[in-house]
Amino acid sequence: LIILDACRYDTFHRLNHLDGSLENRISQGSMSDEFLVNNFGATTHPDTVYVSTNPYFAQLDLAGQFHAVVDLLGMWDEQLETISPADVVEAAISAHANYPNKRIIVHFMQPHLPFLGPTGQSLHGESGERNIFQVVRDDPDAIAAGDLVRAYEENLELVLQHVQSLLAVIDGKVVISADHGNMFGERQGPLPTAKMWGHPWGVYTPSLVKVPWHIIDGERRRVNS
């Protein structure tokens, strides 16, 4: 299972170039902590290894729920202000080889900000903020909506390139999904609200909880024991 953090279904559908069949699922949270607790907090998964880049995973103390956890927070890149997707691929390949009889969950931080593409890097530089969604929450006119969307799209395109590199090495059935989506200035209903950016807690609009479920069938399934 490959988790792309904050990946909208519609954007994935439009930009995805990987072979396979795309479905969708409804996530059990609009933020990573909700997703993790609701999916793994009350159950154990002794047949599964979790490769984690998400800070909430460590905060929630979920390591005991899995056979093993590969925590990549120690590989935090100070310049990127996140964990490089290239480092995630390397760790995922190692986990795939080291645990041949286990299921593997690989949690990439992208397309979640900070944005690593040229548009995103420009916006981060101009605003001086890692969380540029907060900039437009404070001042809706501070950044053009189209620039924010393009920065997000570049992050998704980037991580999909790394996912493709991972798929070229590993075997077995793979599903690509997300913990939650992301809002691009939509308003929460049924009562109108201010335009919303990012993924606020407890908001269950389609843009936040409808996530991709992209299935890539392998020649064989990994044997779990």
Side-chain angles (χ1 to χ4, degrees), residues 1-9 12 15-20 22-23 25 27-29 31-33 35-40 43-60 62-77 80 82-113 116 155-181 211-224:
L1 175 64
I2 296 174
I3 297 173
L4 306 181
D5 206 292
C7 184
R8 289 174 61 117
Y9 171 81
F12 182 92
L15 298 180
N16 174 53
H17 57 272
L18 303 173
D19 292 335
L22 178 59
E23 302 175 6
R25 296 290 187 272
S27 176
Q28 297 191 54
M31 289 186 66
S32 297
D33 55 348
F35 168 83
L36 290 167
V37 168
N38 290 338
N39 281 284
F40 306 119
T43 55
T44 58
H45 303 272
D47 64 343
T48 303
V49 175
Y50 203 114
V51 180
S52 175
T53 60
N54 192 297
Y56 281 117
F57 191 95
Q59 293 175 19
L60 294 168
L62 294 174
Q65 310 300 92
F66 298 91
H67 174 77
V69 172
V70 181
D71 187 344
L72 299 184
L73 290 181
M75 303 181 73
W76 186 269
D77 188 309
L80 297 179
T82 188
I83 298 168
S84 164
D87 289 336
V88 181
V89 170
E90 184 176 343
I93 292 171
S94 294
H96 186 83
N98 293 336
Y99 300 98
N101 298 322
K102 301 299 179 185
R103 304 175 192 268
I104 310 293
I105 298 176
V106 182
H107 193 146
F108 287 86
M109 275 308 298
Q110 294 75 32
H112 191 288
L113 52 72
L116 307 182
N155 240 28
L156 178 55
E157 291 168 340
L158 174 67
V159 74
L160 286 175
Q161 292 174 10
H162 288 280
V163 169
Q164 188 170 35
S165 297
L166 176 59
L167 294 173
V169 178
I170 63 175
D171 60 359
K173 182 178 181 179
V174 176
V175 172
I176 303 170
S177 189
D179 50 354
H180 54 79
V211 296
W213 189 261
H214 186 73
I215 303 167
I216 303 170
D217 287 316
E219 294 183 0
R220 68 178 183 85
R221 298 294 295 271
R222 290 169 73 82
V223 178
N224 301 291

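Values reported hereafter were calculated over all heavy atoms of this structure, with side chains retained and with hydrogens, waters and symmetry mates removed.
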Inset, instruction - Could you tell me whether the side chain of Ser177 reaches within less than 4.5 Å of the side chain of Leu4, counting heavy atoms only? - result: no
Inset, instruction - May I ask you to check whether over 12 heavy atoms, not counting those of Glu157, lie within 6.0 Å of atom CD? - result: yes
Legend entry - Test item: Gln65 side-chain N/O and Thr43 main-chain N/O as donor-acceptor pair under 3.5 Å: yes
Legend entry - Distance, nearest 0.5 Å, that separates NE2 of His112 from NE2 of His180: 5.5 Å
Inset, instruction - Report the C-alpha separation of Leu18 and Leu160 in whole Å, then their side-chain angles, then the decisive distance to 0.1 Å, and conclude whether the side-chain contact (heavy atoms from CB on, under 4.5 Å) test is met. - result: CA-CA 8 Å; Leu18 303 173; Leu160 286 175; 4.2 Å; yes
Inset, instruction - Output the distance between atom CG (Leu62) and atom OG (Ser52), rounded to the nearest 0.5 Å. - result: 9.0 Å
Inset, instruction - For residues Asp87 and Leu72, report the shortest heavy-atom separation together with the two atoms involved. - result: O-CD1, 4.4 Å
Inset, instruction - For His67, enumerate each residue passing the side-chain contact (heavy atoms from CB on, under 4.5 Å) test, keeping only those at least two apart in sequence or located in another chain. - result: Val49, Tyr99, Lys102
Inset, instruction - Show your working on side-chain contact (heavy atoms from CB on, under 4.5 Å) between Trp76 and Thr53 and close with a plain yes or no. - result: CA-CA 9 Å; Trp76 186 269; Thr53 60; over 6 Å; no
Legend entry - Minimum-distance pair of heavy atoms, taken over all atoms of Leu73 and Pro55: CD1-CA, 3.9 Å
Inset, instruction - Evaluate the side-chain proximity of Val106 to Leu1: yes if any heavy-atom separation is below 4.5 Å, no if none is. - result: no
Legend entry - Arg103 and His45, any side-chain heavy atoms less than 4.5 Å apart: no
Legend entry - Candidate pair Cys7 and Leu156, rule side-chain contact (heavy atoms from CB on, under 4.5 Å), full reasoning: CA-CA 8 Å; Cys7 184; Leu156 178 55; 3.9 Å; yes
Legend entry - Any side-chain heavy-atom pair of Asp179 and Leu36 under 4.5 Å: no
Legend entry - Heavy-atom closest pair, residues Ala95 and Ile104: O-CD1, 3.8 Å
Inset, instruction - Could you check whether the rings of Phe57 and Tyr50 sit parallel, tilted or perpendicular, using 30° and 60° as the cut-offs? - result: tilted
Legend entry - Min side-chain heavy-atom separation Phe108-Asn54 under 4.5 Å: no
Legend entry - Interatomic spacing from CD in Gln28 to CG in Asn39 - rounded to 0.5 Å: 4.5 Å
Inset, instruction - Apply ring-ring contact (aromatic ring centres under 6.0 Å, His included) to Phe35 and list each qualifying residue two or more places apart in sequence or on a separate chain. - result: none
Inset, instruction - Answer yes or no: is there a side-chain heavy-atom contact under 4.5 Å between Tyr9 and Val211? - result: no
Inset, instruction - Would you give the length of the straight line joining atom CG of Asp19 to atom NE2 of His214, rounded to the nearest 0.5 angstrom? - result: 7.0 Å
Inset, instruction - Evaluate the side-chain contact (heavy atoms from CB on, under 4.5 Å) criterion for residues Ile176 and Trp213: first the C-alpha distance (whole Å), next the side-chain angles of each, then the deciding distance (0.1 Å), finally the verdict. - result: CA-CA 6 Å; Ile176 303 170; Trp213 189 261; over 6 Å; no
Inset, instruction - Might you point out which heavy atoms bring Val69 and Ala63 nearest each other, and give the distance in Å? - result: CG2-CA, 3.7 Å
Legend entry - Between Asn155 and Gln110: side-chain donor-acceptor atoms closer than 3.5 Å: no
Legend entry - side-chain contact (heavy atoms from CB on, under 4.5 Å) partners for Ile93, two or more places apart: Val89, Leu166, Val169
Inset, instruction - Side-chain contact test, heavy atoms from C-beta onward, threshold under 4.5 Å: evaluate it for Val174 versus Ile2 and give yes or no. - result: yes
Inset, instruction - Answer with yes or no whether the side chains of Asp77 and Ser84 bring together a donor and an acceptor at under 3.5 Å. - result: no
Inset, instruction - Verify whether one side chain among His96 and Ser94 offers a donor that lies under 3.5 Å from an acceptor in the other. - result: no
Legend entry - Residue pair Ile216 / Leu167, side-chain heavy-atom distance below 4.5 Å: yes
